[in-house]
Structures are given as structure tokens and as C-alpha cells.
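Everything on this sheet refers to the single structure shown next.
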Amino acid sequence: EASKRDILRFFGVPPDKIEVVYNAIDERFWNRPDGGDVARVRERYQLTSRFILYVGNIKPHKNLVRLIEAFAEARRRGLDDVKLLIIGDEISKHPALRLAVHRLRLHKDVRFLGYVSDDKLAILYRLASLFAFPSLYEGFGLPALEAMASGTPVLTSSVSSLPEVAGDAAVLVDPYSVDAIADGLLRVLSDPALAADMSRKGLLRARDFSWERSVARTREIYRQVAAS
């Protein structure tokens, strides 16, 4: 619906010409991984403490500099037992991220993992204490839904399509405010009961999206067009 509103705003397309069909996620994010595979991922990435996870590309609209700054602020306010893992390739094309880590002296606490295969990614989602996705703009926001299906609490933006996807199953923050993002990180990671409630709600919310419903709706739209 957020994308539909943008199309209406910028292109003046009649509203009845646009139908919204939601995405869904790969089944592997629903499946509980094998214990041996989990142990190998822990060893491969040396995961010995709690961590916040980000997954996606690392272009400027993903807002990762503010996420790193918010992570530094949260550590200053007591969250010093947590790391930040960023999964996304082409880090060399966006030096601002490395510069932010250097400026904030977070070399030991922020890790850039680059590309990660889907099988390992499914395990990393489940091992994370929190999934952080403070993007400034999304057409949908698939990683947030993948994290929910993995049972991981989600913090995401209160703008664009993300509230529509997350519903009441995530902590929504102002992505333009470093303090708001830091507050959200602290809120979830300092409250086990809240984290558990978000995990439960996220699993239920992710079930609202399925490829079967998406395919059925797309097929119905084709039928309507063909008959008109």
C-alpha cells in the first residue's frame, strides 16, 4: 500500500488501476536448523556473545551509519555485551560505514560479514538477539519478515512500507533519529519479556504472508483483465 501511495502521488495513475499483492518468504526461514549446522555457524563466525543483526544491501537509504551511531550510543548507555553484525556485500563502495566504525572506535564490536549463503543466513537470523532494520525507504522490507519467521525480535522504521509489513510485531522507531534507534535497541535487549513477546508476535505476523495467497491474487487479477 505504501508503494501504491507513491505511484499515485508521483504518476497520477487512477487508483483502480493498481492492485497490491504482497510478497512472502522462502520456506527455509521457517525450518528449524540442524544442531550441528548451528554449531558450525557459531564456530565459523566466532559467535560467543549476543549480537544485533542487519541483513540487506548497504546503500545509503538503508541508514546503516545511523544504526552504527545508535549502536555506539546504546553501548555507552550500558549495552556493552552486544556486537553488531552487518550482512551485505559491496562494502568497499560505501566507505562511510568503515569511517563511522573508525570514528566511534567500534573495530572490535562491529563486523561486516559480506555475502552469506541462504542456509547460513537462516541460522544467523535465529542466533541473533535482535534484528535491526532502520531503513529510510522500502518497497516491502523482506528481511524484517524473514527475521520474524525465524523467531527473532525486530526493530524497524516507522516510515515507508515497514509499519505495514511489521504490524504490531516489531518495535518501530524514527529512522532519522540516532537516539530513537538507540532507545529501541536498549528497550528490547534489556527486557527479556518484551523480546519473548515480540518473538511470538513476529511468528504470527509472518504467517499472514504466503506465496499461495500472492499467486492466487495475481491469477485473479489476470482473469479480471482478460475478461474486461
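In what follows, every heavy atom counts, from backbone to side chain, and hydrogens, waters and symmetry copies are set aside.
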Quiz item: Out of curiosity, does L172 fall in the hydrophobic cluster containing L194 (side-chain heavy atoms, cut-off under 4.5 Å, transitive links)?
Solution: no
Quiz item: R50: what forms a salt bridge (Lys or Arg N to Asp or Glu O under 4.0 Å) with it, not counting sequence neighbours?
Solution: D81
Quiz item: Does V116 belong to the same Ile/Leu/Val/Met/Phe/Trp/Tyr cluster as L47, with side-chain heavy atoms less than 4.5 Å apart forming each link?
Solution: yes
Quiz item: Are the side chain of Q46 and the backbone of E43 linked by a donor-acceptor contact shorter than 3.5 Å?
Solution: yes
Quiz item: If Ile, Leu, Val, Met, Phe, Trp and Tyr residues are connected whenever their side-chain heavy atoms lie under 4.5 Å apart, and connections chain through other members, are L104 and I86 in the same group?
Solution: yes
Quiz item: According to the ring pair (Phe, Tyr, Trp, His ring centres under 6.0 Å) rule, which pairs have a member within residues 94-118, sequence neighbours left out?
Solution: H102-H107
Exercise. I would like to know whether V171 and M198 meet side-chain contact (heavy atoms from CB on, under 4.5 Å); could you show each step before the answer?
Key: CA-CA 8 Å; V171 168; M198 290 175 60; 3.6 Å; yes
Quiz prompt | Worked check of salt bridge (Lys or Arg N to Asp or Glu O under 4.0 Å) between K62 and E138 | solution = CA-CA 9 Å; K62 296 295 187 176; E138 293 293 323; 2.6 Å; yes
Quiz item: Hey, are the side chains of L203 and M148 touching, using non-hydrogen atoms and a 4.5 Å cut-off?
Solution: no
Practice problem: Give the C-alpha distance, both sets of side-chain angles, the deciding distance and a yes or no for side-chain contact (heavy atoms from CB on, under 4.5 Å) between Y176 and L136. | Solution: CA-CA 8 Å; Y176 295 95; L136 301 177; 3.7 Å; yes
Quiz item: Is there a chain of hydrophobic side chains (I, L, V, M, F, W, Y, each step under 4.5 Å between heavy atoms) that links F131 to I123?
Solution: yes
Exercise. Mind checking side-chain hydrogen bond (donor to acceptor under 3.5 Å, both in side chains) for Y22 and listing every partner two or more places apart, or none if nothing turns up?
Key: E164
Quiz prompt | Between CD1 on residue I58 and CG on residue L64, distance to nearest 0.5 Å | solution = 7.0 Å
Quiz item: Between the main-chain N or O of L186 and the side-chain N or O of S190, is there a donor-acceptor pair closer than 3.5 Å?
Solution: yes
Exercise. Output yes when a side-chain donor or acceptor of S150 lies under 3.5 Å from a complementary backbone atom of E146, and no otherwise.
Key: yes
Quiz item: Is any side-chain N of the basic residue among R75 and D80 closer than 4.0 Å to the acidic one's carboxylate O?
Solution: no
Quick one: side chains of residues 216-228, donor-acceptor pairs under 3.5 Å with protein atoms, not counting sequence neighbours, listed by atom name and distance.
{"residue": "R217", "atom": "NH2", "partner": "E19", "partner atom": "OE1", "Å": "2.9"}
{"residue": "T218", "atom": "OG1", "partner": "S214", "partner atom": "O", "Å": "2.8"}
{"residue": "E220", "atom": "OE2", "partner": "Q224", "partner atom": "NE2", "Å": "3.4"}
{"residue": "S228", "atom": "OG", "partner": "V225", "partner atom": "O", "Å": "2.7"}

Quiz item: Are L155 and I87 grouped together when hydrophobic residues (ILVMFWY) are joined by side-chain heavy atoms under 4.5 angstrom apart?
Solution: yes
Practice problem: Taking S49 for its side chain and V82 for its backbone only, find out whether a donor-acceptor pair lies under 3.5 Å. | Solution: no
Quiz item: Counting distance only, does the side-chain N/O of S158 pair as donor-acceptor with the main-chain N or O of V173 below 3.5 Å?
Solution: yes
Self-check item: Residue pairs, two or more places apart or on separate chains, that pass ring pair (Phe, Tyr, Trp, His ring centres under 6.0 Å) and touch residues 39-93
Solution: Y54-F133
Quiz item: Between T152 (side chain) and Y125 (backbone), is there a donor-acceptor pair under 3.5 Å?
Solution: yes
Quiz item: Side-chain contact, heavy-atom cut-off 4.5 Å: D37 with V41?
Solution: no
Quiz prompt | From R40 atom CZ to D34 atom CG, the distance as rounded to the nearest 0.5 Å | solution = 6.5 Å
Practice problem: Can you sort out the partners of R76 under side-chain hydrogen bond (donor to acceptor under 3.5 Å, both in side chains), two or more places apart, ordered by chain and number? | Solution: E73
Quiz item: In chain order, what residues pass the salt bridge (Lys or Arg N to Asp or Glu O under 4.0 Å) check against D197, with sequence neighbours excluded?
Solution: R200, K201
Practice problem: Answer yes or no: are there more than 12 heavy-atom neighbours, outside R126 itself, under 6.0 Å from its atom CZ? | Solution: yes
Quiz item: Could you give all pairs that pass the ring pair (Phe, Tyr, Trp, His ring centres under 6.0 Å) test and reach residues 150-175, with sequence neighbours left out?
Solution: none
Quiz item: Which is it for W30 and I25 under the side-chain contact (heavy atoms from CB on, under 4.5 Å) test, yes or no, and what are the steps along the way?
Solution: CA-CA 9 Å; W30 289 108; I25 60 173; 3.7 Å; yes
Quiz item: Among all residues two or more places apart in sequence or in another chain, which pass the side-chain hydrogen bond (donor to acceptor under 3.5 Å, both in side chains) test with D179?
Solution: none
Exercise. Apply salt bridge (Lys or Arg N to Asp or Glu O under 4.0 Å) to R42 and list each qualifying residue two or more places apart in sequence or on a separate chain.
Key: none
Quiz prompt | Qualifying residues under side-chain hydrogen bond (donor to acceptor under 3.5 Å, both in side chains), relative to R66, sequence neighbours excluded | solution = N63
Quiz item: Out of curiosity, I52 CD1 to L130 CG, how far, rounded to the nearest 0.5 Å?
Solution: 5.5 Å
Side-chain donor/acceptor pairs under 3.5 Å, residues 4-16, sequence neighbours excluded:
{"residue": "D6", "atom": "OD2", "partner": "Y137", "partner atom": "OH", "Å": "2.5"}

